[in-house]
Each structure stands twice: as C-alpha cells, then as structure tokens.
K.L.:
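Got a structure here, written out as structure tokens. Questions coming.
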Amino acid sequence: MVEKVISATSKVIPIRIDEGKGLTPSIGGELLAPHDRTQDTRGRTLRDLRISVTDRCNFRCTYCMPKEVFDQHYPYLAHQELLSFEEITRLTTIFSTLGVEKIRLTGGEPLLRKNLEVLIEMLAAVRTPAGKPLDLTLTTNGSILRKKAAALKVAGLQRLTVSLDGLDDAIFKEMNDVDFPVADVLDGINAAQEAGFENIKVNMVVKKGTNDHEIVAMAKHFKGSGIILRFIEFMDVGSSNGWNMAEVLPSKEVIARIHEVFPLEAIEANYTGEVAQRWRYADGSGEIGVISSVTQTFCHECTRARISTDGQMYLCLFANEGFDFKTLLRSGKSDLEIANAIMNTWSVRDDHYSEIRGSHTANPSTGNRKVEMSYIGG
Ligand code: SAM
C-alpha cells in the first residue's frame with residue numbers, strides 16, 4: 001500500500017489501496033456457457049459497465065482529485081499497467097455476452113487517453129449476442145471537447161455527459177482548482193452539439209456552502225436547451241476529499257429550490273436501475289435529474305460493474321478491493337474462462353455501501369480506506 005503524509009492537514013491519506021494487485025477471480029471448475037441471468041447475492045443482474053481509461057486528469061476538483069494529494073509525486077499508473085485498447089475491447093465483448101448493453105468510458109479524464117477515438121471505433125463494432133450495438137457513452141470535464149467532439153462522433157460515440165459545477169467563473173475555478181474557465185466548457189458542449197450529439201447531459205456536483213447557490217442559475221441556463229442537467233449529491237468516494245455530511249445538500253432540497261422558480265413534476269425512470277430520478281418542467285421545456293446516492297440510496301437496483309484503468313473489476317464505487325482481470329487477460333485464458341470468472345465474481349457480490357454508509361465512510365485516522373474515483377472511474 002502506498003501512503004503519503006499531507007502536511008496541510010497532518011493526516012495520513014492512503015492513495016491507491018492495492019496497487020493493482022487485486023483479488024484473484026475464480027474461474028471455477030466446470031465452465032458454463034455465458035448467459036445474461038447471473039444474479040448476485042441480492043438478486044441484482046449485471047447490465048452495465050463503466051471503464052476507466054486513464055487515472056490522470058487535467059482538473060484538480062477539490063472533491064475528487066485534490067491538489068494536495070494528486071501532486072507531481074502521485075504514483076499514477078505506468079503505461080504498461082493500463083489495459084490496452086485490444087484488452088478493453090476483448091473484455092467488453094465478453095461482458096456483452098453476459099447481458100451488458102451499456103458502456104460508459106470515464107476516468108480520470110477519458111479524453112486525455114491518447115487516440116481514444118480509436119478505442120471508441122473498436123467498441124462501436126462490438127455486438128451483443130442478439131446482434132445489437134452497445135449503448136456507448138462517455139463522461140468528460142469538457143475541457144478538450146472542442147478539439148475532440150467531431151472525431152468522437154465519427155468514431156461511433158452515441159452519447160456524452162459533461163461535468164460542470166456552476167456558471168460563476170470564480171466558483172468553478174475554485175472547484176476545478178486549475179483556473180479553468182466556464183466559457184471553455186460551454187464551448188466544448190457547443191462543439192459536441194455542432195458535431196451532431198443529440199443526447200447530452202450535464203452533471204453538477206453540489207457542495208453545500210460552495211456552489212449550491214448556482215443551482216437555479218444552472219437550471220435556467222440549460223432549461224429549454226435539450227440538454228439534461230443532473231445534480232449529484234457530494235459523495236464520500238475515495239479517501240482524500242475530506243467528505244463531510246454537512247456539505248451534502250439533499251436532492252429534495254435541490255428540487256425544492258428549482259421548483260420554487262420553475263415548477264417541476266416527477267416522471268418515471270427510463271429503466272430499472274437508472275441512477276437519476278427524473279423531473280420535468282411543468283411548462284414542457286425539458287427535464288432535469290437528481291442523483292441522490294447519499295440521501296436516497298439505490299444499491300438495491302445497482303446493475304453496474306466497473307473496470308479500473310489497470311483492469312481490476314470493482315463491484316461498487318465505494319469498494320476497497322478489486323478483482324484482477326488484467327492478469328487473467330494477460331495469462332492466456334480463453335474468453336469462456338474469463339466469462340466464467342466474471343459470472344463467479346458477480347454472483348458473490350454482496351455490497352450495498354450507500355445503505356450502510358456512516359460506519360464505512362473512509363476515515364484516515366481509523367485506517368478505514370476506499371479506492372479513489374479517478375482510478376476506479378466515476
Ligand atoms: N473527468 C471526467 C469528468 O469530469 O466528468 C470523468 C471522471 S469524473 C470522476 C466523473 C464524475 O464524477 C464527474 O461528474 C464528477 O463531478 C463526479 N464526482 C467526482 N467526485 C465526486 C464526489 N465526491 N461526489 C459526487 N460526484 C463526484
């Protein structure tokens with residue numbers, strides 16, 4: 001384990017917990033034909049996959065990759081530790097034989113991964129056993145979208161989520177901590193629209209006392225634009241963001257504040273397991289969403305697995321251990337063996353972190369640790 005002392009806070013902050021040496025997945029004895037019915041111990045089926053393509057980011061958002069921890073001494077993964085595009089595509093193809101239809105590329109900042117559009121083209125060619133293409137999407141901070149949007153679209157990316165925590169430059173710069181202006185993210189979103197992306201979402205992490213006064217301004221800005229704005233409760237991911245419940249603004253308060261100015265009505269989820277609760281403007285000018293992983297947990301519906309930048313499979317965003325699929329991929333195992341290892345790993349899944357938060361929140365002073373979001377993928 002790598003540890004680092006942060007003098008500003010005098011706390012020992014654990015960095016990456018297992019340094020890529022995760023648990024060994026079990027292939028099992030008798031190999032089963034891949035199928036889409038594997039359930040975990042809580043009856044949840046595997047349906048979507050998030051893949052972190054880089055653990056690096058050009059932002060230092062204080063709630064995600066604070067500068068004090070993610071500085072020039074931070075032990076980022078070396079290139080050979082990263083899954084290659086071929087490995088990611090192979091793994092995705094195997095996951096698709098197990099019922100996964102939705103893939104989200106994330107990070108770190110995924111657009112920093114060199115030639116990402118080549119990977120997108122490879123993933124866009126994957127078909128489910130029923131012959132359907134995968135629902136392929138990506139989450140980005142938008143900083144280099146102007147440069148990349150057209151190539152991403154041509155490569156076959158279907159949807160995009162852009163993170164933006166406010167419209168006030170001073171607040172946004174304080175949160176991204178690299179002096180990045182709002183205008184350039186908005187320009188990236190414009191570039192995505194110009195490139196032909198129709199299904200764009202914007203994610204705003206709400207930190208009470210920091211950017212919560214930006215909620216209504218953000219709603220007003222995106223209302224009627226066709227872009228779906230989603231408000232995310234500040235979560236206790238990782239071990240380095242100094243999470244504190246007092247900084248969480250419950251989603252119901254976000255809704256109340258917007259409703260006061262622009263009346264809202266609740267609407268049905270698009271599908272079981274959708275993380276955002278949907279609301280539409282009563283005047284018909286679009287919808288917004290809230291992601292309430294702190295105050296209204298949705299573990300019971302979670303159908304998501306995550307692959308870290310170096311090929312560890314995580315069963316929960318708040319996990320502290322992953323399963324080492326990179327070693328399986330690199331040790332000559334067949335697709336059938338890897339499929340069985342995924343089914344076996346998923347079938348023992350028992351986590352429901354958000355439902356039992358509190359005693360499990362990372363606390364450097366007690367040694368209670370969790371893996372960082374930039375590595376596991378947000
Ligand atoms: N760099 C990309 C981006 O900025 O969207 C992708 C990775 S980022 C980790 C994915 C999402 O997680 C972003 O929308 C980010 O705001 C969100 N996020 C990061 N830390 C968070 C936290 N502590 N609580 C809630 N959301 C968080």
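One-based numbering, in listed order, for ligands and for the atoms of each.
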K.L.:
Say whether S292 and S251, considering side chains only, have a donor N or O and an acceptor N or O under 3.5 Å apart.
P.N.:
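Yes - a donor-acceptor pair under 3.5 Å links their side chains.
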K.L.:
For N176 and R60: C-alpha separation, side-chain torsions, deciding distance, then whether side chain to side chain donor-acceptor pair (under 3.5 Å) applies.
P.N.:
CA-CA 5 Å; N176 66 52; R60 286 291 172 275; over 6 Å; no
K.L.:
Step by step, would you call R104 with T161 a side chain to side chain donor-acceptor pair (under 3.5 Å)?
P.N.:
CA-CA 10 Å; R104 178 175 297 277; T161 300; 3.2 Å; yes
K.L.:
Which pairs of N or O atoms, one from ligand 1 and one from the protein, are separated by less than 3.5 Å, and what is the distance for each pair?
P.N.:
| from | atom 1 | to | atom 2 | distance (Å) |
| --- | --- | --- | --- | --- |
| ligand 1 | 1 (N) | G108 | O | 2.9 |
| ligand 1 | 1 (N) | E109 | OE1 | 3.0 |
| ligand 1 | 4 (O) | S163 | OG | 3.4 |
| ligand 1 | 5 (O) | T140 | O | 3.4 |
| ligand 1 | 5 (O) | S163 | OG | 2.5 |
| ligand 1 | 14 (O) | S163 | OG | 2.7 |
| ligand 1 | 16 (O) | Y63 | OH | 3.1 |
| ligand 1 | 23 (N) | Y63 | O | 3.2 |
| ligand 1 | 23 (N) | M235 | O | 2.9 |
| ligand 1 | 23 (N) | N241 | ND2 | 3.2 |
| ligand 1 | 24 (N) | M235 | N | 2.8 |

K.L.:
If two hydrophobic side chains count as joined below 4.5 Å and joins carry through other members, does M122 share a cluster with V154?
P.N.:
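No, it is not one cluster - the side chains of M122 and V154 are not joined through contacts under 4.5 Å.
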K.L.:
Supply the atom-to-atom distance D168 CG to K173 NZ, rounded to the nearest 0.5 angstrom.
P.N.:
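With rounding to 0.5 Å, CG (D168) is 10.0 Å from NZ (K173).
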K.L.:
Is it the case that the side chains of T272 and E301 hold a donor-acceptor pair, with the cut-off being a distance below 3.5 Å and no angle test?
P.N.:
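Distance-only check fails for E301 and T272.
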